[in-house]
4 protein chains.
Amino acid sequence: MRPALFLLLLVPGCLLASPDVSGRWTLTADIFHTPLHFPLQLSQDGGQLTGTLAGSPLTGALQGNSIRFVAKNEGGSTRETQGTVKDDVMTGTLVLRDPEDPKPPEAVPFTARRVPARRSGPPQRHEFKPTTFYRQFSAATPPVLSISPGDTVHTTTVDAGGEDEKGVPHVMGGNPQTGPFFVETAAPGDTLAVHITRLKLNRDWAVSDDAIVGRGLGSELAAAMKDAGKLVRWHLDIQRGVATPEKPAEHLTQYTVPLRPMLGCVAVAPNSVQAAPGTGDSGYYGGNMDFNEIVEGATVYLPVNVPGALLYVGDAHAVQGDGELNGNALETSMDVEFTVDVIPAKRIPGPRVESLTHIMTMGLAGSLDEAFRIATSSMTQWLMNDYKLTVSEAAQVLGTSAQYTVSEVADRNAGVVLKINKERLQPLASAAK
Amino acid sequence: MRPALFLLLLVPGCLLASPDVSGRWTLTADIFHTPLHFPLQLSQDGGQLTGTLAGSPLTGALQGNSIRFVAKNEGGSTRETQGTVKDDVMTGTLVLRDPEDPKPPEAVPFTARRVPARRSGPPQRHEFKPTTFYRQFSAATPPVLSISPGDTVHTTTVDAGGEDEKGVPHVMGGNPQTGPFFVETAAPGDTLAVHITRLKLNRDWAVSDDAIVGRGLGSELAAAMKDAGKLVRWHLDIQRGVATPEKPAEHLTQYTVPLRPMLGCVAVAPNSVQAAPGTGDSGYYGGNMDFNEIVEGATVYLPVNVPGALLYVGDAHAVQGDGELNGNALETSMDVEFTVDVIPAKRIPGPRVESLTHIMTMGLAGSLDEAFRIATSSMTQWLMNDYKLTVSEAAQVLGTSAQYTVSEVADRNAGVVLKINKERLQPLASAAK
Amino acid sequence: MRPALFLLLLVPGCLLASPDVSGRWTLTADIFHTPLHFPLQLSQDGGQLTGTLAGSPLTGALQGNSIRFVAKNEGGSTRETQGTVKDDVMTGTLVLRDPEDPKPPEAVPFTARRVPARRSGPPQRHEFKPTTFYRQFSAATPPVLSISPGDTVHTTTVDAGGEDEKGVPHVMGGNPQTGPFFVETAAPGDTLAVHITRLKLNRDWAVSDDAIVGRGLGSELAAAMKDAGKLVRWHLDIQRGVATPEKPAEHLTQYTVPLRPMLGCVAVAPNSVQAAPGTGDSGYYGGNMDFNEIVEGATVYLPVNVPGALLYVGDAHAVQGDGELNGNALETSMDVEFTVDVIPAKRIPGPRVESLTHIMTMGLAGSLDEAFRIATSSMTQWLMNDYKLTVSEAAQVLGTSAQYTVSEVADRNAGVVLKINKERLQPLASAAK
Amino acid sequence: MRPALFLLLLVPGCLLASPDVSGRWTLTADIFHTPLHFPLQLSQDGGQLTGTLAGSPLTGALQGNSIRFVAKNEGGSTRETQGTVKDDVMTGTLVLRDPEDPKPPEAVPFTARRVPARRSGPPQRHEFKPTTFYRQFSAATPPVLSISPGDTVHTTTVDAGGEDEKGVPHVMGGNPQTGPFFVETAAPGDTLAVHITRLKLNRDWAVSDDAIVGRGLGSELAAAMKDAGKLVRWHLDIQRGVATPEKPAEHLTQYTVPLRPMLGCVAVAPNSVQAAPGTGDSGYYGGNMDFNEIVEGATVYLPVNVPGALLYVGDAHAVQGDGELNGNALETSMDVEFTVDVIPAKRIPGPRVESLTHIMTMGLAGSLDEAFRIATSSMTQWLMNDYKLTVSEAAQVLGTSAQYTVSEVADRNAGVVLKINKERLQPLASAAK
């Protein structure tokens with residue numbers, strides 16, 4: 001038995017006034033200076049504790065300031081903690097035991113912090129003028145602003161090449177981001193909702209090119225395209241709401257495209273264990289999704305991985321065809337406004353988007369086939385979790401109502417989106433009540 | 001020099017009245033009883049012939065009834081014919097020479113027939129009540145009816161399981177087809193246009209199931225779904241225009257789906273050299289495309305591969321979500337009407353669909369990634385050929401206007417469709433003039 | 001109750017001498033003239049019958065010549081038969097009931113035939129000189145020869161282009177096949193083993209080309225290769241055991257390749273419901289696998305789908321690199337000898353190959369990713385079924401001993417092969433006893 | 001004309017003694033503090049400069065210490081520099097002009113440093129005992145040791161979980177790396193050769209598990225495997241050269257696997273513009289390739305992207321089946337020795353491996369299909385560049401000699417390896433001379 005535990009047991013619990021530890025915490029283990037975050041939910045009944053750690057049920061005890069608990073997952077592994085609580089902060093050691101591992105388990109230090117309540121007062125509107133832009137979706141970047149659920153942020157983004165509304169470059173290209181914004185109360189295990197309330201063009205030109213990316217090129221087209229890739233500038237006629245090539249080629253002199261401003265990137269920081277992805281990448285944390293329905297009025301849902309979520313936005317497009325076939329869309333700077341919300345203790349597997357008319361899941365993977373699988377699984381899960389359908393019922397809804405789009409083929413991950421019209425879901429929601 | 005040719009040259013051309021061979025022919029080589037069709041286009045200037053054979057330029061001579069010509073393709077291979085012409089039929093031998101092949105080339109017999117002109121008179125409307133249904137898209141099935149360009153056919157299809165509007169089975173299941181219809185004047189190298197003028201439900205039920213096909217199943221969902229696949233019957237309320245499960249599961253009691261009748265299969269016979277595909281398969285010849293925009297009002301374009309095209313229709317669905325995720329859509333019988341047209345001497349690489357609002361290309365392949373490539377290449381070719389765009393211009397249009405859908409994931413081939421709104425193309429069409 | 005059944009029950013069983021129906025049968029349902037084969041296994045105890053139909057347990061009764069039984073699968077569907085038995089042939093009607101289907105079920109006629117025992121006598125050696133060659137792996141082609149398990153066939157194959165050992169063409173190209181051979185006792189539900197005992201080159205040249213197929217072409221290489229594809233003839237120096245280009249290009253004057261004769265195609269007829277695949281295709285029935293370890297000494301295992309299996313062989317290659325990258329290997333005619341065996345009542349999911357040193361499973365699918373999945377699943381099943389491993393044990397063996405090869409990328413299906421060295425399996429086989 | 005240039009031209013060149021700038025340099029542009037490296041090759045003829053910048057031809061002039069040059073790529077874009085040279089360091093500004101871009105181009109500061117010559121003296125052997133381990137393949141990590149071409153390093157690696165030869169953890173898991181080693185003279189545009197001279201096990205156990213990764217799981221196997229994934233410890237019997245499970249499951253009591261120590265990770269830093277990949281990732285820079293032929297005696301070739309290359313090694317496996325199907329191989333610590341070489345001014349597109357018997361290219365991508373494409377293209381390029389084959393000749397060699405392996409399916413990138421036996425290449429090498 002370890003000395004610390006020995007001492008602990010000697011102290012009569014009744015002599016110490018225990019704090020109330022019930023509620024939501026974020027437990028952060030320190031694995032050789034790499035932080036590892038787990039959602040922790042505690043319920044207290046006298047000195048007895050129940051709850052969950054990273055979704056696994058736990059039991060434990062609180063004696064004065066001394067706390068210990070054990071969480072056991074389905075495979076039989078356990079996470080055991082012991083420590084002390086003071087002022088909404090727990091510190092101690094965490095031991096992971098795998099029943100198959102004959103080695104004595106290692107103890108690592110941890111700190112747990114209570115998930116803060118939303119500060120009181122009405123939602124606020126923040127004006128934020130960015131001066132630095134980031135080229136990674138990193139959990140380690142210090143936040144530029146702290147906001148509360150319900151708050152609105154008004155800011156701007158530079159274009160994918162790092163240039164602002166006046167064409168002034170501020171940073172090397174590659175989708176540099178505005179943010180990160182720290183969302184108070186957002187904790188690992190939650191879902192962040194980003195309501196895009198305004199996307200307003202703030203300059204009258206955009207840049208693109210005339211290549212077609214590899215995923216769209218068959219052998220013959222590849223041969224025909226081998227010299228493609230030159231820069232194409234577009235004029236954005238904000239008054240008329242259309243884009244036209246500045247120097248149109250012979251057959252495009254009359255060609256116009258309706259403007260439909262969108263954000264190529266909306267991201268939270270991924271978990272702190274993995275290397276921070278570059279801002280051309282995407283995944284469960286969102287990122288460079290390049291989905292042309294992330295427009296004004298849409299809501300993007302992302303899983304929170306680190307305390308405060310750390311929200312990034314950037315890579316605005318004046319308009320983009322499905323797939324971002326040229327590798328570039330009509331890249332431009334943007335005037336952006338959004339409102340955030342936190343859905344506590346709800347874990348989603350990857351990006352979801354909601355419009356006035358549809359709910360949508362996005363699969364992001366190294367092939368369209370795999371992205372399709374993920375989008376389908378993710379929507380099935382959504383229907384089962386939120387609409388309480390059985391897997392058979394979900395299959396019947398998908399079979400009759402699925403709408404698929406290829407959102408992105410220009411980056412390392414390809415994207416496939418599965419949409420369901422909300423009209424179809426209305427009667428399910430009623431039935432689910 | 002071969003004896004036959006020697007003799008031919010001795011005969012003075014002026015002694016014989018030569019027929020006029022100018023125009024379109026279909027040349028059919030007989031390769032050990034396997035027919036091989038080539039489009040042949042001849043222009044006659046005195047005794048001199050020019051034209052194309054299977055797209056390669058040819059030169060030749062006509063002397064009385066004796067004809068000979070040589071076509072040479074880009075790689076240097078030649079096809080040489082010599083024969084006689086009589087009453088719009090040519091017969092003779094064809095020799096294929098490959099400059100890399102040291103072996104003496106073989107001569108095979110051929111027959112060429114003049115592509116008939118459309119018979120005179122106004123378009124007709126045909127009532128056709130099918131009694132036999134086919135389970136292969138075969139070039140060898142004798143046509144059930146011969147129709148002319150402009151003609152309309154009114155007929156019916158049985159459901160995918162072979163049952164008619166009264167639920168009476170007529171044939172083993174697997175998308176049995178009505179047809180094939182022989183379209184006069186349609187010749188290899190042409191394009192067949194099938195205008196779907198009416199799709200009317202003729203019974204009040206459909207069958208489907210509650211599985212999700214493998215392409216939609218990730219590992220977790222596969223485990224959850226392992227017992228799925230039971231039959232689900234749907235009621236088709238034609239009056240209200242909606243489908244509902246006949247015995248809805250608990251949460252689907254209020255679930256309704258708007259009816260949108262479509263044809264799962266529209267096909268021409270593939271080329272006569274390959275094995276006839278089953279009616280669950282798809283390819284450049286169309287087939288079991290299961291694309292939910294092949295509805296009333298749509299036009300399907302398919303490349304003609306054999307004389308008469310041999311058009312098949314079948315596998316009607318009362319409604320289908322994108323992808324046909326259950327493996328079955330709402331399978332039902334149908335009252336079908338369509339009008340055919342032939343676009344002569346225009347070869348398209350695979351299925352195209354046109355609606356009131358969009359032009360669409362379909363990629364059909366063993367993976368979504370490959371299907372995506374094909375759809376993109378095919379649309380690029382369409383824009384370049386019909387709208388006269390350069391490859392750079394086509395890329396700019398696609399980058400700003402592409403809309404992708406996943407049409408089908410339930411069969412051996414997956415399908416991806418690329419659509420372009422016709423409003424975008426209107427100014428291009430003007431510029432192309 | 002149906003009249004026929006009513007009458008049947010009135011007849012006292014004791015008055016009729018019942019035949020012994022125990023043993024293996026093949027039941028063939030006639031679905032509107034499409035035959036559908038099921039393995040049927042019966043055990044008789046007095047008038048009571050037990051057994052399996054297509055793997056589902058059945059119970060039934062035999063009274064005189066009248067027989068009836070019901071098989072029920074896991075999903076609750078039943079197959080009910082009633083009929084009469086005479087001279088090892090049963091005839092009657094079969095009714096399929098799906099509990100979810102409100103429609104009255106249809107009855108279809110069936111015939112069941114007892115699987116014959118191997119004829120007595122020692123194995124025979126057959127000389128077979130083919131005169132007709134087939135371009136489909138069809139269940140409908142009449143067999144050219146009937147052979148018994150243990151028998152050996154010595155025959156020849158023409159090359160992929162239809163030419164024989166003298167370069168004489170016999171049939172249109174596209175991998176024309178020798179066969180089909182009817183293997184007595186082989187019944188649906190069995191496995192056919194084809195031991196390749198001799199593959200001997202019978203001419204000194206082969207044809208190939210210098211293209212690379214689409215699956216190997218990235219965008220850059222596609223542009224560089226756009227004019228490739230010319231015929232390349234190879235000299236086969238059987239004495240020295242090497243192949244060399246007949247007219248080598250500048251840098252290939254010294255290039256030689258060791259001969260390693262192989263069969264591109266080994267196939268059984270697929271099930272009789274599907275359209276017969278062309279001889280360029282592949283699948284669970286084998287076919288055009290183009291796997292360069294199907295050499296002398298190898299055994300190919302294929303699932304039997306129709307009575308007699310109907311074995312085809314063809315498409316011999318003098319040597320082939322992995323993947324058959326040129327689309328053609330060194331295509332040549334061949335002197336072929338093989339011995340067949342039947343493994344009764346053992347169903348394998350797809351092609352397996354065994355060499356002196358390895359067991360191998362092959363995945364054949366529309367993408368390498370899917371082929372990889374199938375090969376892996378198929379080997380896991382092999383280890384679980386034949387070596388009695390748990391899924392965890394199978395995973396440990398695969399994780400440490402898997403060897404993967406890409407067998408084929410030139411056809412509609414790509415192939416991935418998973419091999420396990422038999423030395424690794426030796427101790428498992430001992431443990432399994 | 002810009003003032004600075006104006007002044008420059010006024011200064012008579014003859015008055016200043018110009019340094020000799022001929023030779024290899026690395027030019028580093030500073031794009032808002034992101035360094036961007038380009039290989040620069042200069043030849044000097046009086047005051048005239050020729051050479052290449054990032055492969056594009058350049059012309060320029062040197063007058064005293066003032067230098068300027070312009071490089072123009074095929075698309076017409078130019079890179080113009082002007083600056084001053086002193087002591088093998090150039091500083092100045094670089095301007096990128098795109099003829100399609102109407103905006104005035106921006107000037108960014110640059111520094112160019114002469115690529116150092118190898119220091120004199122015989123190759124050295126370095127003993128390096130690591131104390132810190134890295135979880136990213138980063139260009140920003142300070143090197144732990146500087147070595148010269150020809151030098152040998154003897155060091156150790158911790159296992160994938162961060163544990164050393166005594167089982168002591170030093171770092172969070174995820175393939176932590178030893179290094180990075182700075183290789184003097186290695187410059188962007190070069191190739192680094194890493195000869196693995198010794199891989200010696202230094203403990204008698206390894207950890208793995210019993211799952212199969214998603215890429216190997218079909219629907220059925222996924223259902224069977226849903227509870228898999230438990231830790232499996234293996235005993236490494238270094239004396240006998242075999243691994244056995246420490247607590248073998250019932251049927252694996254006799255199962256043994258020959259030890260074949262390998263390095264899962266060999267990497268150089270990727271280019272400095274992209275986000276540093278985590279040590280589970282792979283790409284053109286090598287990384288977590290998990291290829292079981294990276295064993296003692298193998299040479300790994302990687303493209304140099306930053307000055308000094310920055311070589312990382314780690315993730316040793318006692319043995320691994322193809323694909324690393326369990327997600328883990330037999331993970332262990334290792335005693336590692338390697339020798340480095342630099343091949344100057346030779347750019348390879350991605351990882352190559354050479355063994356005693358084979359040359360190998362590796363494709364790493366999000367799908368096996370894409371990885372296959374890359375491996376094939378990369379080998380074609382190797383044959384064309386180093387063996388001087390035409391594309392037609394390369395195709396003939398590949399068609400007859402290609403050997404493919406699936407190296408890795410456990411990570412974000414899948415790996416396919418294409419090998420060619422060196423015996424086949426011997427005569428080509430002769431012909432190429």
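Any value given below was found using the heavy atoms of this structure, including those in side chains, with hydrogens, waters and symmetry copies removed. Note on naming: letters A, B, ... go to the chains in the order of the sequence lines (proteins, then strands), and numbering restarts at 1 for each one. Since the structure is predicted, the reported quantities are computational estimates derived from the model, not experimental observations.
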Does any backbone or side-chain atom of [X] lie under 4.5 Å from a heavy atom of chain C? Answer side chain, backbone, both or neither.
| X | result |
| --- | --- |
| D:A243 | neither |
| D:E393 | both |
| D:V406 | both |

Heavy-atom pairs under 4.5 Å with chain C - which of [options] has more of them than the others?
| options | answer |
| --- | --- |
| D:T390, D:T256, D:L221 | D:L221 |
| D:R424, D:Q320, D:E423, D:M384 | D:R424 |
| D:P258, D:A329, D:P245 | D:P258 |

For [X], which atoms come within 4.5 Å of any heavy atom of chain D: side chain, backbone, both, or neither?
| X | value |
| --- | --- |
| C:A222 | neither |
| C:A249 | both |
| C:V409 | side chain |

What is the minimum heavy-atom distance between [X] and [Y], and which atoms define it?
| X | Y | value |
| --- | --- | --- |
| C:V391 | D:A224 | CG1-O, 3.8 Å |
| C:S377 | D:G216 | OG-O, 4.0 Å |
| D:H251 | C:K388 | CE1-O, 3.2 Å |

**Message:** Does D:E296 have more than 12 heavy atoms from other residues, nucleotides or ligands lying within 6.0 Å of its CD?
**Reply:**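 Counting other residues, nucleotides and ligands, CD of D:E296 exceeds 12 neighbours.
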**Asked** Counting only heavy atoms not in C:K422, do more than 12 fall under 6.0 Å of its NZ?
**Response**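 Enclosed.
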**Message:** Against D:Y404, only a single residue in C:V417, C:L325, C:V416 fulfils side chain to side chain contact (heavy atoms under 4.5 Å, CB included); can you say which?
**Reply:**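 The side chain to side chain contact (heavy atoms under 4.5 Å, CB included) with D:Y404 is passed solely by C:L325 among C:V417, C:L325, C:V416.
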Distance, nearest 0.5 Å, that separates [atom1] of [X] from [atom2] of [Y]:
| X | Y | atom1 | atom2 | answer |
| --- | --- | --- | --- | --- |
| D:T400 | C:R260 | OG1 | CZ | 14.0 Å |
| D:S392 | C:E250 | OG | CD | 12.0 Å |
| D:R215 | C:T376 | CZ | OG1 | 12.0 Å |
| D:I212 | C:T380 | CD1 | OG1 | 4.0 Å |
| D:T253 | C:L428 | OG1 | CG | 9.0 Å |
| C:Y255 | D:Q396 | OH | CD | 9.0 Å |

**Message:** Are D:L252 and C:V397 packed together at the side-chain level, in the sense that at least one heavy-atom pair is separated by less than 4.5 angstrom?
**Reply:**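 Side-chain contact under 4.5 Å: yes.
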Under a 3.5 Å distance rule, please check whether [X] uses its side chain to pair with a backbone N or O of [Y] as donor and acceptor.
| X | Y | answer |
| --- | --- | --- |
| C:D369 | D:S367 | no |
| D:N326 | C:A395 | yes |
| C:R373 | D:L217 | yes |

